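Model, not experiment: these values are computed from the prediction. Lettering of chains follows the sequences in order, A, B, ..., and the numbering in each one begins at 1.
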Amino acid sequence: MKFSNFFIPTLKESSSDVKMRSHDLMIRSGMIRQETSGIYSWMPLGFRVLKKIIDKIEFLHDEKGINQILMPTIQSSDIWRISNRYDTYGKEMLRIIDRNNKDLLYGPTNEEMITAIGKQYIKSYKNLPRRFYHIQTKFRDEIRPRYGVMRAREFLMKDAYSFDIDEVNGENTYCDFFKLYLKIFSQLGIPVIPVRAPSGEIGGNLSHEFHLVVRTGESEIFLDSKLLDQSCENFELDQILSLNSYTDDYFKEIENKKNLEKFKSIELGHIFLFGTKYSSSFNFNVDSENGKFMPFMGSYGIGISRIPAAVIELSNDNDGIIWPKAISPFSVHLINLNVDDTECSEFCEKFYKEIKSRDIDILYDDRNERPGKKFSDADLIGIPLQVICGNSFKKCRELSILKRSNKDQIDIGVGKAIKKIIEMIGWNE
RNA sequence: CGGGGAGUAGCGCAGCCUGGUAGCGCAUCUGUUUUGGGAACAGAGGGUCGCAGGUUCAAAUCCUGUCUCCCCGACCA
């Protein structure tokens, strides 16, 4: 992508209204624009990051045989009356009336709808288990939206739902999702901690949240600090159940508070096994070999649009964002400092095409701007590798490769540059 | 919903107390010189001062109402 043809409206100055680092950087790097309180447009650069995250999440869900669907944003009040949540959900639910005076709502979540879908099609135990997911805009009319997309009213969420024949199978599914979530976050380059959350209204249910520990986070969790360095990706159910980590709410309920430290964090995911809560209110019965039963259900959410903000909150410096490779909008940022020079521009053009032909995302700054502006934009946008073509190209056919994370710079002959870049992209950090 | 702050050019702000031709920086446009870390000079364009009412010869400024946004607390991915 050429910078001249990719709209990134960067800003030099911060708004005094913006208090959180990630919020400020997302606005100044031209990723998002506020529409009204808690509602944001995603500009080209921001949307690219979002798409990277979506792609990874989709891939890993599809790989597990979880079927992607797309449910509507607008729901009928009817199904919410069946679950009795239309009246209890409260003011967070945005209610809408259509021209025929029918009560509609902008979906804050989809348990009711997925249960209605399941009930219509799943008639036999032979049709179970089933797992579905969708990625869709949600709306929750939060009391106080804040910090940009970190706590927005309209937000993008991946929510998955499972149907199983009984509790044991439901727990296995839950366990699968637990591991899947750890894998997803690890592949996104985000070190999350699984945290036990309180059981819901129905006793005996399972719930965990996935938190990113960061000093400026707005949640509080309590955990054994050993968990910070431990991988839980291969945990079995009993280990998951006995994790020594708790959400704020859960912490108040437990008795043994030894070895628990308080951390600030950002909640990025939440999984929940709620059993037959909705299948029973929907009278969702399925034939078994010798009678009928109600499917055992769970739901599994990831706050997609919150992820870029969380990552930036964790990974930035005075000059701007430092993207982890996995979700960086581009892998390489080529900076041409001499666009007026034919030789330099021709080289950059060729170099740009060559990198692109190797399936590497590259942003090529071909704008007629001064070096200082290009460097500061590059640092603000935060692409992991900056490749600079300037004076040393003219003098001795060298490029500079600069790592955004620590500003380490190497100068390298043009012939060796591509090989080196590919090598650096492959580095794990 | 309680408490606090703010709405003036695309962005960031001053002016308001003490009423009298709406200003500064950034950005934008033109020209010249510049070009490895947000360039310099010269010029130009851009505003129903959130909205509505009131006081006054005169309102960005004073009064009343209203809308919106932000921050702190109780809810959430």
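- Of the candidate nucleotides B:rG38, B:rU68, B:rG36, B:rG38 has the atom nearest to the side chain of A:Lys373.
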Could you walk me through whether A:Tyr352 and A:Phe347 satisfy the ring-ring contact (aromatic ring centres under 6.0 Å, His included) test, starting with their C-alpha distance in whole Å, then the side-chain angles of each, then the deciding distance to 0.1 Å, before giving a yes or no? CA-CA 8 Å; A:Tyr352 164 66; A:Phe347 171 80; over 10 Å; no
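- Listed pair A:Arg140 / B:rC76 fails the phosphate criterion, with no side-chain N or O lying under 4.0 Å from OP1 or OP2.
- Map A:Tyr147 and A:Gly301 each onto its nearest nucleotide of RNA chain B; the residue landing nearer the 5' end is A:Tyr147.
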Could you list, one pair per line, each protein nitrogen or oxygen that sits under 3.5 Å from a nitrogen or oxygen of nucleotides 13-16 of chain B, together with the distance?
from: B:rC13; atom 1: OP1; to: A:Ser16; atom 2: OG; distance (Å): 3.0
from: B:rC13; atom 1: OP2; to: A:Ser16; atom 2: OG; distance (Å): 3.1

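- Taking a centre distance below 5.5 Å and an interplanar angle below 30 degrees as the stacking criterion, A:Phe375 does not stack against the six-membered base ring of B:rG38.
- In this pair, A:Phe178 and A:Phe210 present their aromatic rings tilted. The plane angle is within the 30 to 60° band.
- Checking the phosphate oxygens (OP1, OP2) of B:rC72, a side-chain nitrogen or oxygen of A:Arg144 falls inside 4.0 Å.
- For the OP1/OP2 pair of B:rC70 and a distance below 4.0 Å, the side-chain nitrogens and oxygens of A:Gln34 include at least one atom meeting the criterion.
- Here the nucleotide nearest the side chain of A:Ile388, chosen from B:rC76, B:rG36, B:rA74, is B:rG36.
- Side-chain N/O atoms of A:Arg151 and base N/O atoms of B:rC75 include a donor-acceptor pair closer than 3.5 Å.
- Applying the 3.5 Å distance criterion, the base of B:rG25 shares a donor-acceptor pair with the side chain of A:Glu13.
- The shortest distance between the side-chain N/O atoms of A:Arg146 and the OP1/OP2 oxygens of B:rG73 is below 4.0 Å.
- Judged by distance alone, the side chains of A:Asp361 and A:Ser331 never bring a donor and an acceptor atom under 3.5 Å apart.
- Between A:Trp80 and A:Tyr89, the ring planes are perpendicular. Angles over 60° get that label, and only those under 30° would be called parallel.
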